[in-house]
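Notes for the one structure printed next.
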Amino acid sequence: MKKILNKSLVLFLALTFVVMSVLPVSASQATSYSYTLDDEGDLVRTQDAYLPDRTITDLGLQNPEDMVIDENNFVYIADTGNARIVVYNLDTEKVVKILNKDSVNDSKFSGFKNPKGIYRTKNGELYIADTGAKTVFRFDKNYKYVRKYNKPTAPIFADTNYEPSKVAVDSGNNLYIVSEGVYAGVIQLANTGEFLGYFTSNKSRLTPQQMFLKLIYTKEQEKNSELLNTLPSTFSNVYVDAEGTAYSTCMGTGDDLLKKHSTDGTNMFNNAITTSDALTDVTVDKNGVIYTCDTKGFIWIYTMAGEVIFNFGEQAEDKDVSGLFSSLTTIAIDKEGNIWTADGEKGFLQSFTPTEYATTIYTALKEYENGDYEEALKDWSYVLRLNQMSVLAHNGVAKAYFNYEEYDKAMEHFEIAGNREGYSDAFWEVRNKSLQKNLSTALIIIIILVALKIVIGLIDNKRVIRKKRKALGQKLKNMPVIGEIGYAFKCAKHPIDRYYDIRVGKNGSPLAALIIYIVFFGVYMWYQTGKGFIYQYTDVEDMDMGAVVVGFFAILILFIICNYLVTSITDGDGTLKQVFMIPAYGVMPAMFSMLITIGMSYVLTYNESFILTVVMLIGVGWSLAVIFEGLATVHDYDFKKTVLSLIITVVFMLIAAIVVLVVIIMWEKLYDFLLTVGKEIIRNVTGS
């Protein structure tokens, strides 16, 4: 009996093994990390967004460059290496059609040479961009050849290279073509083949060195300079979604490598887009979610507004791992919302299925766009339970609360998400409600204070209170340090007279100046770190406090010493002590403008930001004018000589900074050399 049971168990295990070996295997965990953006715009780890699913390797693809998926889950693949188009049914896992010279029964069709781009319209027509044939082929929904779009004959297009690599078509059958070697932009053709112009274009970006050369070069030098012959980023793909909105991707540098275009080609993304510098493809699903991929094997997913939702993937040239790529060339979305990609080097298709975390986010985005804020709030709250620091979820919750007019809660979540614009809008509403509620109380308080002042003036007809106040002020003025610090306020009002008193030694002291410098530095640090959330872009923990302190006082000391040395050479009358005091007694307007800005930053929104700018410009400009007048008065210079001395001072400061930097570098090298020699001597002496 025992032997029978053992044999039965062995047979059962063998059968189980055989069945499992023939069943399709789906990956149960991600093979790469998923990332999203934090409140500072940096990529951080998040829950797995997608899991690798099906891998199709039996289609014989060679260097597939592009693909699209229709509403029936038919995938159309530009099989570039085999010069053909493969139509594959994802549901039945069978090849439906292969388009090439042999399968297209039309004498007008000369065959594909190097098909790199493919697009399918709503009515089922196919457009194939063929770089080798230098044309765009068009087929109807039954795969019958219709026509091709050769190089436009317009005179303006005569010298332009025409090697179509990607193509998209709008609802009016206008073609958007990316051509290799064309930097002018995306070529737009009418359905008849007429050249309509460049739908969109990129601008070249100059480095600081190029900007400087452009200023000093003549037109002839500029024309012949190889350094100034900069080219804009090249377009790598173009796509038109079901709503007729065009998208484009570029390779290169910049914050606009992914664009969403209006009808006139303008980029609709107002903010900088975080993305890769090697984008190869872009597609959009029915909910407006944007998917892109790059040659490095990464997939980037965005909201319709251009916010990063997820980033995942990895490049693995020497590994055959599901979900990793040698070269990721194209991306598409099937009707179930799965991502499909193609490896351009190894020639396989790879799908990814969204996790519950990802689908909940997509559902919440859709609900919000449809105006279903209650359901969106529930889903975003669920996402927050999965990931408390999800910036996207906090933004979603905040927007839902904003539409519910619960502005206090919206502000809280906008602040966590680092969304200053959203916070500003919510704060605007909170402030309006507060003003409406407390306006009458504020007016009553103002009326009482004004009335109280009038009554005191009537009662104090002998001005006893005013005399006592003046006596107190005079007492403070006569106190050694306090009076000398208060003298800085008079310098701001009447700089010529007050700096003359400093020049002749009647007022001011180095100790008071030192205290003012220390207080000013404290106010400056408060200004840098203590403004309201809307206007505070720097976190204290991100600041190198040592470098800030050393830098502030090093620049101040360097200015004082260099200006004294320069004015000593140019017959200035000021002593080193007086030069030390001049900036201190002139910074009061700047200091108070910083304090006013700090206070106002807590009550102003983005709409009133110009007020803070004006306050700072007035304060800093006033201080600079006072210090300038102080230098002119103390050194007994006219305007021209003062300006010249300041220019020479700045030059000396730069020279001194360079010398110090060189000395530091040389000392570090000498220290490393002496340390190495010392170690070698010790090794030789000890024999170890």
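These numbers come from the heavy atoms of this one structure, side chains and all, not from hydrogens, waters or symmetry mates.
A cation-pi contact, defined as under 6.0 Å to the ring centre and within 45° of the axis, is absent between K493 and F489.
Not counting sequence neighbours, Y291 has no partner by the ring-ring contact (aromatic ring centres under 6.0 Å, His included) test. Scored by the ring-ring contact (aromatic ring centres under 6.0 Å, His included) test, F427 finds no partners at all (sequence neighbours excluded). Not counting sequence neighbours, the partners of D39 by the side-chain contact (heavy atoms from CB on, under 4.5 Å) test are V391. T275 meets the side-chain hydrogen bond (donor to acceptor under 3.5 Å, both in side chains) test with Y302; sequence neighbours excluded. When the ring-ring contact (aromatic ring centres under 6.0 Å, His included) test is applied to Y373, the partners found at least two apart in sequence or on another chain are Y368. Taking E336 as the reference, N73 meet the side-chain hydrogen bond (donor to acceptor under 3.5 Å, both in side chains) condition, with sequence neighbours excluded. For Y247, the ring-ring contact (aromatic ring centres under 6.0 Å, His included) criterion is met by no residue, not counting sequence neighbours. Applying the side-chain hydrogen bond (donor to acceptor under 3.5 Å, both in side chains) criterion to K286, with sequence neighbours excluded, gives no partner residue. Listed by chain and residue number, I516, F520, M591, I627 satisfy the side-chain contact (heavy atoms from CB on, under 4.5 Å) test with V587 (two or more places apart in sequence, or in another chain). With sequence neighbours excluded, no residue satisfies side-chain hydrogen bond (donor to acceptor under 3.5 Å, both in side chains) with S390.
The minimum heavy-atom distance between A364 and W380, with the atom names listed, is CB-CE2, 3.5 Å. The shortest non-hydrogen separation linking T36 to I309 is OG1-O, 3.1 Å. Listed here is the closest heavy atom pair of D294 and S276: OD2-OG, 2.8 Å. Counting all heavy atoms, side chain and backbone alike, Y517 lies closest to A584 at OH-N, 3.2 Å.
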Show the numbers, then the answer: is there a side-chain hydrogen bond (donor to acceptor under 3.5 Å, both in side chains) between N419 and N395? CA-CA 7 Å; N419 187 338; N395 267 322; 2.9 Å; yes
Full working for side chain to side chain contact (heavy atoms under 4.5 Å, CB included) between Y176 and D170: CA-CA 8 Å; Y176 302 84; D170 63 18; 2.8 Å; yes
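For the 3.5 Å distance criterion, the side chains of T330 and D281 qualify, holding a donor opposite an acceptor. No donor-acceptor contact under 3.5 angstrom links the side chains of D48 and Y357, judged on distance only. Judged by distance alone, the side chains of T249 and S236 do bring a donor and an acceptor atom under 3.5 Å apart.
Ion pairing between K296 and D277 holds under the 4.0 Å rule for side-chain N and carboxylate O. Using a cutoff of 4.0 Å between basic side-chain nitrogens and carboxylate oxygens, K366 and E369 are not scored as salt-bridged.
Taking the ring centroids of Y401 and Y407, they lie at or beyond the 6.0 Å cut-off. For F352 and F312, the gap between ring centers is short of 6.0 Å.
Between the K490 side chain and the G486 main chain, no donor and acceptor come within less than 3.5 Å of each other. Remark: the backbone N or O of M525 is paired with a side-chain donor or acceptor of T529 at under 3.5 angstrom. Side-chain atoms of N387 never come within 3.5 Å of backbone atoms of V383 as a donor-acceptor pair (strictly under, hydrogens ignored). Remark: the backbone N or O of A410 is not paired with any side-chain donor or acceptor of E415 at under 3.5 angstrom. W340 contributes no side-chain N or O that, together with a main-chain N or O of D334, makes up a donor-acceptor pair within less than 3.5 Å. Between the side chain of S623 and the backbone N or O of V620 there is no donor-acceptor pair closer than 3.5 Å.
The aromatic rings of Y50 and F310 lie perpendicular to each other, with more than 60° between the two planes, well past the 30° mark.
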Kindly list each side-chain donor-acceptor pair under 3.5 angstrom involving residues 602-617, sequence neighbours excluded, with atom names and distances?
{"unit_1": "Y602", "atom_1": "OH", "unit_2": "G530", "atom_2": "O", "d": "2.6"}
{"unit_1": "T605", "atom_1": "OG1", "unit_2": "N607", "atom_2": "N", "d": "3.4"}
{"unit_1": "T605", "atom_1": "OG1", "unit_2": "E608", "atom_2": "OE1", "d": "2.8"}
{"unit_1": "Y606", "atom_1": "OH", "unit_2": "I534", "atom_2": "O", "d": "3.3"}
{"unit_1": "Y606", "atom_1": "OH", "unit_2": "Y537", "atom_2": "OH", "d": "2.8"}
{"unit_1": "E608", "atom_1": "OE1", "unit_2": "R431", "atom_2": "NH1", "d": "3.4"}
{"unit_1": "E608", "atom_1": "OE1", "unit_2": "T605", "atom_2": "N", "d": "2.7"}
{"unit_1": "E608", "atom_1": "OE2", "unit_2": "R431", "atom_2": "NH2", "d": "2.9"}
{"unit_1": "S609", "atom_1": "OG", "unit_2": "Y606", "atom_2": "O", "d": "3.0"}
{"unit_1": "T613", "atom_1": "OG1", "unit_2": "S609", "atom_2": "O", "d": "3.3"}

Using residues 434-442 as the side-chain source, report each donor-acceptor pair under 3.5 Å to any protein atom, sequence neighbours left out, with the distance given to one decimal.
{"unit_1": "S434", "atom_1": "OG", "unit_2": "N438", "atom_2": "ND2", "d": "3.3"}
{"unit_1": "N438", "atom_1": "ND2", "unit_2": "S434", "atom_2": "O", "d": "3.1"}

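Taking a 6.0 Å sphere around OH of Y524, one finds it holds 12 or fewer heavy atoms contributed by other residues, nucleotides or ligands.
Screening K166, H261, K260, K259 for a side-chain hydrogen bond (donor to acceptor under 3.5 Å, both in side chains) with S248, the sole residue that qualifies is H261.
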